[in-house]
Engineer: 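I'd like to ask some things about the structure below.
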Amino acid sequence: MSRDILVLGAGMVGVSVAWHLLERGHQVTLVDRNQPGRETSFGNAGIIQREAVRPYRFPRDLTTLIRVLPNRQIDIRYRPSGMVQAAGPLFQYWRNSEPERYARIVPEYAALIRHALEAHAPMIEAAGAEALIRRDGYLEVFRSTEALERECQQARSDAEHHGVTHRVLDGATLATLEPDLAPGLAGAIHWTQPWTVMDPGALVAAYAADFRQRGGHFVQAPLRALSRHRGGWQAIAGEETLTAEQVVLALGPWSSQWLSRQGLSVPLFVKRGYHMHYGAKEQTRLRHWIMDAEIGYLLAPMRAGIRLTTGAELARHDAGPRYQQLAAAEAVARQLFPLGERLDPRPWMGARPCTPDMKPVIGPAPDLPGLWLAFGHGHQGFTLGPITGKLIARMLDGETPDVDMTPYRADRFR
């Protein structure tokens, strides 16, 4: 039966939800203050990460904590005000990173990741977006043999338990594949399954364009109010009042504040990130996406130039940007690859919505009939958007998904 449905948020997750609901015959309106794919989905590393079966855990070993404490690292930085504001969720994040707890979380997280590629594939085809996609994986490079061997051990375990495929490259083989990288690297792991995207924002926009071409409605306006209305829901977007039987909240890092207005508290904190595009010097070329594993940044040869993305910054969502982390990453990256001039007028900054147990929130809102939740994907919203959309659409239609949805319910935080 066709329903009127509002989807709030036009990042990868929201667009994917809207696309799948329209595919099932519903009347769908997508709402966002910006054009689709212009917030967090715009600034990511552009990898559909089939290998990412293990979510990022909070460091618990003393060596790492001592390394991070001076707040000068490239992979992670923090602001005291942000740590204080998110103290409760961060403490739970630290607890859930304990080995036994984390071991229970990984298979629940991997249950979503393993469907990432197959969920993106029909959307890529329908949107005519093949030109944006590469299917040759990416390289995680290592400076020391010790770090490489540790990651190889983990990779072998993930291959056995989660079907992740990879190959190990020694320094000479890596130099053949990427001759313009600095010499002396220990080697790399070539993750062979992931797909990379030449322009992440353009892929989201292509999915959204296909949604609209097939009859979906898009309203570009800021969300001003959301409330129950005559057995359904009402949203005020800009000057327009929209009503629907069902609403899907997919507002990324803004989701918790809108839920709190409905009397529902879901712990959410943000990990911010930055990026900048560069040219390449002296006829050099970067041939693959490159993760500098022991330092904590990524280089990606995208349409706009070579994109450098930083690690995470723990800060208040509304805090102004600080570009020192990006500058530090750029200085190290120039030693790895001969980057040219900066191509963007200013660095981009975005915020990843994270939960204390590292799993997204996907499913119905407790005690709020007709309200559905799709947020909290952390580092993997770009990867997990389409499978999230598929699962939400099946649940909304009263079907039982192939994936056990219990681990992603919002009521797990009660």
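For this chain, numbers begin at 1 and follow the sequence in order.
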Engineer: Looking only at atom types and distance, does a side-chain atom of Asp75 sit under 3.5 Å from a main-chain N or O of Gly296, one as donor and one as acceptor?
Structural biologist: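 Checked: no pair found.
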
Engineer: Nearest 0.5 Å, what's the CG-CD distance between Asp357 and Gln92?
Structural biologist: 9.5 Å

Engineer: Take Tyr109 and Gln380 through the side chain to side chain donor-acceptor pair (under 3.5 Å) test and state the conclusion after the steps.
Structural biologist: CA-CA 11 Å; Tyr109 191 82; Gln380 299 299 343; 4.7 Å; no

Engineer: Treating Arg212 as the side-chain partner and Ala208 as the backbone partner, does any N or O pair qualify as donor plus acceptor under 3.5 Å?
Structural biologist: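 Looks like no, no N/O pair under 3.5 Å.
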
Engineer: Specify the closest pair of heavy atoms between Gly238 and Ala221, including all atoms of both residues, with the distance to one decimal.
Structural biologist: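 In this case the closest contact between Gly238 and Ala221 is N-CB, 3.6 Å.
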
Engineer: Could you walk me through whether Met12 and Leu203 satisfy the side-chain contact (heavy atoms from CB on, under 4.5 Å) test, starting with their C-alpha distance in whole Å, then the side-chain angles of each, then the deciding distance to 0.1 Å, before giving a yes or no?
Structural biologist: CA-CA 9 Å; Met12 177 60 87; Leu203 183 63; 4.1 Å; yes

Engineer: Minimum heavy-atom separation for Phe375 and Leu373, please, with both atom names.
Structural biologist: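 Shortest heavy-atom separation between Phe375 and Leu373 comes out as CE2-CB, 3.8 Å.
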
Engineer: Which value, rounded to the nearest 0.5 Å, describes the distance between Gln193 atom CD and Ile113 atom CD1?
Structural biologist: 11.0 Å

Engineer: Here's one to test your reading of the geometry: is the NZ or CZ of Arg134 within 45 degrees of the ring axis of Trp195 and under 6.0 Å from its centre?
Structural biologist: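 The answer is no; the distance or angle limit is not met.
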
Engineer: Less than 4.5 Å apart, side chain to side chain, heavy atoms only: is that true for Arg150 and Gln154?
Structural biologist: no

Engineer: State whether the side chain of Arg412 and the backbone N or O of Tyr408 hold a donor-acceptor pair below 3.5 Å, judged by distance alone.
Structural biologist: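 Confirmed, Arg412 side chain pairs with Tyr408 backbone.
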
Engineer: Side chains of Ile189 and Cys152: closer than 4.5 Å at any heavy-atom pair?
Structural biologist: yes

Engineer: For Leu181 and Leu286, run side-chain contact (heavy atoms from CB on, under 4.5 Å): C-alpha distance rounded to whole Å, both residues' side-chain angles, the deciding distance at 0.1 Å, then the answer.
Structural biologist: CA-CA 8 Å; Leu181 293 183; Leu286 192 66; 4.1 Å; yes

Engineer: Any idea which heavy atoms bring Pro253 and Val270 closest together, and the distance?
Structural biologist: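 Scanning both residues completely, I find the closest heavy atoms to be CB-CG1, 3.6 Å.
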
Engineer: So with a 6.0 Å cut-off around CZ of Arg287, is the heavy-atom count from everything else above 12?
Structural biologist: yes

Engineer: For the pair Asp180 (side chain) and Arg285 (backbone), establish whether a donor and an acceptor sit closer than 3.5 Å, ignoring hydrogens and angles.
Structural biologist: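 Between the backbone of Arg285 and the side chain of Asp180 there is a qualifying donor-acceptor contact (under 3.5 Å).
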
Engineer: Taking all heavy atoms of Phe413 and all of Pro356, pick out the closest pair and write down the distance.
Structural biologist: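 It is CE2-CD, 3.9 Å.
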
Engineer: Report the C-alpha distance between Gln220 and Arg33 in whole Å, list the side-chain angles of each, state the deciding distance to 0.1 Å, and finish with yes or no for side-chain contact (heavy atoms from CB on, under 4.5 Å).
Structural biologist: CA-CA 5 Å; Gln220 183 179 352; Arg33 64 181 183 179; 6.0 Å; no

Engineer: Rounded to the nearest 0.5 Å, how far apart are CD1 of Ile76 and CD of Glu313?
Structural biologist: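 CD of Glu313 is found 8.5 Å from CD1 of Ile76.
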
Engineer: Before giving the answer on salt bridge (Lys or Arg N to Asp or Glu O under 4.0 Å), spell out for Arg156 and Glu160 the whole-Å C-alpha distance, their side-chain angles and the decisive distance to 0.1 Å.
Structural biologist: CA-CA 6 Å; Arg156 289 190 289 267; Glu160 178 183 356; over 6 Å; no

Engineer: Counting only N and O atoms by type, is there a donor-acceptor contact under 3.5 Å from the side chain of Gln325 to the main-chain atoms of Ala312?
Structural biologist: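 Yes.
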
Engineer: Do you know the tightest heavy-atom contact between Leu339 and Ala333?
Structural biologist: CD1-CB, 3.9 Å

Engineer: Under the 3.5 angstrom rule, does the side chain of Thr29 hit a backbone N or O of His217 as a donor-acceptor pair?
Structural biologist: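 Here the side-chain-to-backbone pair does not exist.
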
Engineer: Measuring from His275:NE2 to Leu299:CG, what's the distance to the nearest 0.5 Å?
Structural biologist: 13.0 Å

Engineer: Would you say that more than 12 heavy atoms from the other residues, nucleotides or ligands in this model lie under 6.0 Å from the CD of Glu282, or not?
Structural biologist: no

Engineer: Nearest 0.5 angstrom please: Tyr102 OH to Phe58 CZ, how far?
Structural biologist: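 Between atom OH of Tyr102 and atom CZ of Phe58 there are 14.0 Å.
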
Engineer: Hey, are the side chains of Leu396 and Arg3 touching, using non-hydrogen atoms and a 4.5 Å cut-off?
Structural biologist: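 When only atoms from C-beta onward are counted, Arg3 and Leu396 do touch, with a gap below 4.5 Å.
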
Engineer: Tell me if the CZ atom of Arg230 is crowded by more than 12 foreign heavy atoms within 6.0 Å.
Structural biologist: no

Engineer: Any side-chain to backbone donor/acceptor pair from Glu178 onto His288? Under 3.5 Å, distance only.
Structural biologist: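 The answer is yes, because a donor-acceptor pair under 3.5 Å joins these two groups.
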
Engineer: Glu118 vs Arg50, test: salt bridge (Lys or Arg N to Asp or Glu O under 4.0 Å). Steps then yes/no.
Structural biologist: CA-CA 10 Å; Glu118 65 188 52; Arg50 170 60 181 87; over 6 Å; no

Engineer: Donor-acceptor pair, distance only, cut-off 3.5 Å: does the side chain of Asp170 make one with the backbone of Thr173?
Structural biologist: yes

Engineer: Side chains of His190 and Arg167: is there a donor and an acceptor less than 3.5 Å apart?
Structural biologist: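 Judged by distance alone, the side chains do pair up.
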
Engineer: Is any side-chain heavy atom of Thr383 closer than 4.5 Å to a side-chain heavy atom of Ile47?
Structural biologist: no

Engineer: State, to 0.1 Å, how close Arg352 and Thr310 come at their nearest heavy-atom pair, and which atoms those are.
Structural biologist: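 Result for this residue pair: NH2-O, 3.7 Å.
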
Engineer: Just by distance, do the side chain of Arg114 and the backbone of Ala111 share a donor-acceptor pair under 3.5 Å?
Structural biologist: no

Engineer: Do the side chains of Ile392 and Ile362 get nearer than 4.5 Å, heavy atoms only?
Structural biologist: yes

Engineer: Check whether any side-chain heavy atom of Arg143 lies under 4.5 Å from a side-chain heavy atom of Leu185, and answer yes or no.
Structural biologist: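 Contact flag for Arg143/Leu185 side chains = yes.
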
Engineer: What do you reckon, is CD of Glu341 surrounded by more than 12 foreign heavy atoms closer than 6.0 Å?
Structural biologist: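 Counting other residues, nucleotides and ligands, CD of Glu341 stays at 12 neighbours or fewer.
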
Engineer: Can you check salt bridge (Lys or Arg N to Asp or Glu O under 4.0 Å) on Arg24 and Glu399, steps first, answer last?
Structural biologist: CA-CA 12 Å; Arg24 285 174 163 262; Glu399 300 175 13; 2.9 Å; yes

Engineer: The test is side-chain contact (heavy atoms from CB on, under 4.5 Å); show your working for Gln246 and Val248 and say whether it passes.
Structural biologist: CA-CA 7 Å; Gln246 312 270 342; Val248 182; 6.0 Å; no

Engineer: Under a 4.5 Å cut-off applied to non-hydrogen side-chain atoms, are Met405 and Thr400 in contact?
Structural biologist: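 When only atoms from C-beta onward are counted, Thr400 and Met405 do not touch, as no gap falls below 4.5 Å.
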
Engineer: Do side-chain atoms of Arg307 reach the backbone of Asp199 as a donor and acceptor pair under 3.5 angstrom?
Structural biologist: no

Engineer: Could you tell me whether Glu125 atom CD has more than 12 heavy atoms of other residues or ligands within 6.0 Å of it?
Structural biologist: no

Engineer: Say you draw a straight line from CG of Asn34 to OG of Ser41; how long is it, rounded to the nearest 0.5 Å?
Structural biologist: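 Going from the CG atom of Asn34 to the OG atom of Ser41 covers 11.5 Å.
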
Engineer: Can you confirm whether Arg322 is buried at CZ, in the sense that more than 12 heavy atoms of other residues, nucleotides or ligands lie under 6.0 Å from that atom?
Structural biologist: no

Engineer: Does any part of the side chain of Arg38, heavy atoms only, come nearer than 4.5 Å to the side chain of Val204, both counted from C-beta?
Structural biologist: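 No, their side chains stay 4.5 Å or more apart.
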
